[in-house]
Participant: 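Below you will find the structure I want to go over with you.
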Amino acid sequence: MSKIGFQKQLAEKVLSDLKVIDPRAYLAGGAPRDWEFGMEANDLDYYYFTQAQTMAESANQLQRFFPKVVMSSELLGDNKLYKHMKGLR
């Protein structure tokens with residue numbers, strides 16, 4: 001299986017699992033575009049709705065479903081570009 005094929009298969013599995021949280025969840029961002037042009041994706045971005053009141057609650061909810069996934073808010077660290085976005089913490 002090609003790397004793009006593996007990425008697509010993984011994306012479908014994650015999306016299937018995310019639909020437990022929100023049946024309207026979908027894959028977005030650059031991955032579908034990259035695949036359309038025959039390129040490998042750098043990451044997988046998903047949109048979903050949650051009843052969580054804060055980003056931390058949402059991250060905790062996702063960590064229960066995907067314990068090995070690093071949340072993007074953890075990757076941000078002390079990056080000054082995101083200081084105004086307090087909900088990411």
Side-chain angles (χ1 to χ4, degrees):
M1 174 183 300
S2 70
K3 187 166 184 181
I4 292 173
F6 174 77
Q7 288 179 340
K8 287 180 176 182
Q9 187 177 34
L10 177 63
E12 284 297 321
K13 167 68 172 119
V14 171
L15 184 58
S16 173
D17 291 347
L18 267 178
K19 287 190 182 245
V20 171
I21 297 171
D22 178 10
R24 298 163 298 179
Y26 61 94
L27 176 65
R33 177 205 59 225
D34 292 343
W35 296 333
E36 186 67 26
F37 289 110
M39 300 182 320
E40 297 172 3
N42 292 319
D43 62 3
L44 300 173
D45 301 312
Y46 295 90
Y47 288 97
Y48 69 97
F49 179 77
T50 177
Q51 295 292 331
Q53 299 296 313
T54 66
M55 184 67 170
E57 287 176 28
S58 179
N60 287 337
Q61 184 181 35
L62 285 174
Q63 286 295 157
R64 285 194 303 271
F65 283 94
F66 307 102
K68 295 181 181 181
V69 172
V70 175
M71 304 304 295
S72 46
S73 58
E74 293 174 27
L75 298 173
L76 298 177
D78 290 327
N79 190 325
K80 292 177 185 173
L81 293 174
Y82 299 100
K83 289 288 186 194
H84 68 285
M85 300 174 75
K86 305 231 184 282
L88 289 178
R89 305 257 180 246

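Since this is a predicted model, take the numbers as computed values, not measurements.
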Participant: Kindly work out whether a path of hydrophobic side-chain contacts (I/L/V/M/F/W/Y, heavy atoms less than 4.5 Å apart) joins Phe49 to Leu18.
Facilitator: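 Different clusters.
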Participant: Could you give all pairs that pass the ring-ring contact (aromatic ring centres under 6.0 Å, His included) test and reach residues 7-47, with sequence neighbours left out?
Facilitator: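 Checked against ring-ring contact (aromatic ring centres under 6.0 Å, His included) - neighbours excluded - the pairs reaching residues 7-47 are Tyr26-Tyr47.
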Participant: Over all heavy atoms of both residues, which pair between Glu40 and Asp34 is shortest? Give the atoms and the distance, please.
Facilitator: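 Answer, listing the atom of Glu40 first, then Asp34: O-OD2, 3.8 Å.
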Participant: Return each pair, listed once, that meets salt bridge (charged side-chain N to carboxylate O under 4.0 Å, His left out) where at least one residue sits in residues 7-21; pairs must be two or more places apart or across chains.
Facilitator: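 Passing the test, one end in residues 7-21: Lys13-Asp17.
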Participant: Determine the minimum heavy-atom distance between Asp45 and Gly29, stating which atoms define it.
Facilitator: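 Shortest heavy-atom separation between Asp45 and Gly29 comes out as OD2-CA, 3.8 Å.
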Participant: Between Gln7 and Ala41, is there a donor-acceptor pair closer than 3.5 Å when you use the side chain of the first and the backbone of the second?
Facilitator: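 A pair under 3.5 Å: yes.
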Participant: Verify the cluster assignment for Met39 and Leu44: are they in a single hydrophobic cluster under the rule of side-chain heavy atoms below 4.5 Å apart?
Facilitator: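 No, Met39 and Leu44 fall in different hydrophobic clusters.
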